[in-house]
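Below: the structure, in structure tokens.
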Amino acid sequence: SSFAPGVSCPQWRGEPLTGKSLLVWFEQGHGDMIQFGRYLTLLKDRGAAHITLACAPALHRLLGSVRGVDAVITGDGNLSVREYDFWTFMLSAPLYFGTTLESIPDAVYLKPDAQITEKWRQRLAPLSGRKVGLVWKGNASHINDRHRSLPSLAALAPLWSVPGLSFVSLQKG
């Protein structure tokens, strides 16, 4: 579920952003924030002078690396420290950009830390074929988790026999 931030500025509904500051507000889960992070660069390309992204601390480093993000906050502090011209929910951006299947922005927008990338390259080097990362459970406290998570990893067992694939658990916990 989503709730509006406690700021006095209007919600952005596609108005020109040239020279404006924008607070992009979190909603939904981590996966949705990562998936829709591709719109942050488009907001900057529309001329936004300053983009502040409010998201979960676990996403700060990753989403803070997106071109166009000027600041990352958790959203649970004092939002009046900075004045914003507009705020928007992250998942509202596709609507105001008029996104169609043909105009979904490029998915290559995340820039992982080079040291972390090298660490994982070394860990994954022994695997052969195409590497497939798996996450099979979401946040167990999410109200709709039973519809979003698999009951167990065993549900994916038929995939283990597909030739040319190596599976990597990306599941936290």
Where is the tightest heavy-atom contact between P151 and K137, given as atom of each residue plus distance?
-> O-NZ, 3.3 Å
S92 side chain to T88 backbone, donor-acceptor under 3.5 Å = no
Do F36 and V135 share a hydrophobic cluster, counting only Ile, Leu, Val, Met, Phe, Trp and Tyr and linking them when any side-chain heavy atoms are less than 4.5 Å apart?
-> no
So, T99 versus Y39: side-chain donor-acceptor pair below 3.5 Å or not?
-> yes
First locate atom CG of D32, then atom SG of C55, and finally report the distance between them rounded to the nearest 0.5 Å.
-> 13.0 Å
Any side-chain heavy-atom pair of H30 and L59 under 4.5 Å | yes
List the steps and the verdict of side-chain contact (heavy atoms from CB on, under 4.5 Å) for M33 and L63.
-> CA-CA 9 Å; M33 291 297 289; L63 292 179; 4.2 Å; yes
Any chance you could lay out the side-chain contact (heavy atoms from CB on, under 4.5 Å) test for L53 and L23, step after step, and finish with the verdict?
-> CA-CA 6 Å; L53 172 65; L23 172 63; over 6 Å; no
Residues which pass salt bridge (Lys or Arg N to Asp or Glu O under 4.0 Å) with K20, listed by chain and number, not counting sequence neighbours = none
Co-members of the apolar cluster containing I104 [side chain, <4.5 Å] = L101
For R121, which residues count as a salt bridge (Lys or Arg N to Asp or Glu O under 4.0 Å) partner, sequence neighbours excluded?
-> E118
Linking directly or through intermediates, with side-chain heavy atoms under 4.5 Å: list the remaining ILVMFWY members grouped with L153, chain and number order.
-> V132, L134, W136, L150, L156, L159, W160, V162, L165, F167
Shortest non-hydrogen contact from T74 to P57?
-> CG2-CG, 3.6 Å
Kindly state each residue pair satisfying side chain to side chain donor-acceptor pair (under 3.5 Å) with at least one member in residues 48-68, sequence neighbours excluded.
-> D45-R67, H50-T52, H50-R82
Keeping the roles fixed (side chain from S103, backbone from T100), state whether a donor-acceptor pair exists under 3.5 Å.
-> yes
For residues S166 and S128, report the shortest heavy-atom separation together with the two atoms involved.
-> OG-O, 2.5 Å
L62 side chain reached by L110 side chain, heavy atoms, under 4.5 Å | yes
Test F89 against every option in W12, F26, W25 by the side-chain contact (heavy atoms from CB on, under 4.5 Å) rule and name the one that passes.
-> W25
All side chain to side chain contact (heavy atoms under 4.5 Å, CB included) counterparts of I51, not counting sequence neighbours | V24, L40, L43, K44, A48, D70
Does I143 CD1 have over 12 foreign heavy atoms under 6.0 Å away?
-> no
Would you say I116 and V72 are hydrophobically clustered, going by side-chain heavy atoms of ILVMFWY under 4.5 Å?
-> no
State whether the side chain of R38 and the backbone N or O of P105 hold a donor-acceptor pair below 3.5 Å, judged by distance alone.
-> yes
Out of R13, R46, E15, which one pairs with Y96 under the side chain to side chain donor-acceptor pair (under 3.5 Å) rule?
-> R13
In this structure, CD of Q11 is separated from CH2 of W87 (nearest 0.5 Å) by 3.5 Å
Step through the shown structure and confirm whether more than 12 heavy atoms of other residues, nucleotides or ligands are within 6.0 Å of NZ on K119.
-> no
About how many Å separate CZ of F86 and OG of S21, when rounded to the nearest 0.5 Å?
-> 9.0 Å
